[in-house]
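Taking it in order: structure first as structure tokens, then the write-up.
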Amino acid sequence: MTEKLLDVRGVTLQYRTTEHVVTATHRVSFSIYPGDRFILLGPSGCGKSSLLKAVGGYLAPLEGEITLKGKRIAGPGPDRMMVFQEFDQLLPWKTVTENVVFPLLATSRLGRKEAFEKALHYIDKVGLTRAKDSYPHTLSGGMKQRVAIARGMAMEPEILLMDEPFAALDALTRRTMQDELLRLWDDTKFTVLFVTHSINEAIRVGNRILLLSPHPGQVRAELNSTDDVSRIGALETEIHDLLFA
Ligand code: ADP
Ligand code: MG
């Protein structure tokens, strides 16, 4: 039995303003093992981003606990890198290489030379070597997301956190990016926690899928995905029925 990497136990998340209390999730539990492509799937507003923020250490649970390798998450750290939906997550005044190397230099785990080597290695992995000296505004949406993925992966985090990273892309590019992510995964078997509201994307990208009910998010079911093309239709229907029951 492999050791759990990330354990989310009974996590209730709440936002408090002076006027309102918003409960984002109610006692959500799940466990992620090394090499999982774990999907949080549910309708808009069910607390997917909030859960990701909590794993990232940006939002403290009101109830429950999140542990990474048995240690309680108490704040952000380079062992959990985030990739967001927005194309503006890159620094516009830095080139592709400078964007990717930035966190490597900031955490000073590596020397300057090694940091640049690592950055260029991952830029190559996402197929952007020719654009390594370009600035973000000259890149397409898909290329910007590749930079963000390279930046996250270059840190070699324990877990990569991806919040609807392909949701703002056109359908064809989105499909290509899903395939590329799977190819990268085949290559390095990193662990990823991936948020989406697309059933199809969840099945394609994930190996395990957690279904969340609408606001406030609660666990509705946990399923294994499938690589078997002939089973995808049935799984889509099953997930649809579970989500909209
Ligand atoms: P999802 O990512 O699944 O769409 P979110 O985690 O963004 O859902 O939001 C869950 C709930 O928490 C929603 O009702 C949302 O309006 C609320 N929420 C999210 N962020 C904040 C915030 N900063 N302040 C108050 N409420 C918030
Ligand atoms: Mg969200």
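Whatever order the structure lists them in is the order used to number ligands and atoms, beginning at 1.
Close approach to S50 involves these atoms of ligand 1, each under 4.0 Å from a residue heavy atom: 5 (P), 6 (O), 9 (O), 10 (C). In the vicinity of K48, heavy-atom distances shorter than 4.0 Å reach the ligand 1 atoms 1 (P), 2 (O), 3 (O), 4 (O), 6 (O), 8 (O). Listed by number with element, the atoms of ligand 1 under 4.0 angstrom from any heavy atom of S44 are 4 (O).
Of the protein's non-hydrogen atoms, V22 CG1, 4.7 Å is the one closest to atom 15 (C) of ligand 1. Taking atom 7 (O) of ligand 1 as the reference point, the nearest protein heavy-atom neighbour is S49 CB, 3.7 Å. Ranking protein heavy atoms by distance to atom 20 (N) of ligand 1, first place goes to Y15 CZ, 3.3 Å. Among protein heavy atoms, the minimum distance from atom 8 (O) of ligand 1 is reached at G47 N, 3.2 Å.
Ion pairing between E114 and K118 fails under the 4.0 Å rule for side-chain N and carboxylate O. A salt bridge links D187 with K125; the closest basic N to acidic carboxylate O contact falls under 4.0 Å.
Residue contacts with ligand 1 include G45, since one or more of its heavy atoms lies under 4.0 Å from the ligand.
The minimum heavy-atom distance linking P157 with G152 is given by the pair CD-O, 3.2 Å.
Classification of the H240-F244 ring pair by plane angle, with boundaries at 30° and 60°, yields tilted.
Considering both main-chain and side-chain atoms, A24 never comes within under 3.5 Å of ligand 1 through any nitrogen or oxygen pair.
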Requested in this report: Apply the test salt bridge (charged side-chain N to carboxylate O under 4.0 Å, His left out) to residues K69 and E3: give CA-CA distance (whole Å), side-chain angles for both, the deciding distance (0.1 Å), then the verdict.
Outcome: CA-CA 8 Å; K69 286 187 158 172; E3 286 284 305; over 6 Å; no

Report task. Take V8 and E65, measure what side-chain contact (heavy atoms from CB on, under 4.5 Å) needs, and give me the verdict at the end. Result -> CA-CA 6 Å; V8 174; E65 190 173 67; over 6 Å; no

Query raised in the report: For F194 and F38, what are the C-alpha separation, side-chain angles and deciding distance, and is it a ring-ring contact (aromatic ring centres under 6.0 Å, His included)?
Result: CA-CA 6 Å; F194 187 105; F38 196 93; over 10 Å; no

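The only member of D227, T196, D179 that meets side chain to side chain donor-acceptor pair (under 3.5 Å) when paired with R204 is D179.
The residue H197 has no part lying near ligand 1, judged by heavy-atom distances below 4.0 Å.
Closer than 4.0 Å to atom 26 (N) of ligand 1 lies at least one heavy atom of the protein.
Within the coordination shell of the Mg ion (ligand 2), defined by N, O or S atoms under 2.8 Å, S49 is present.
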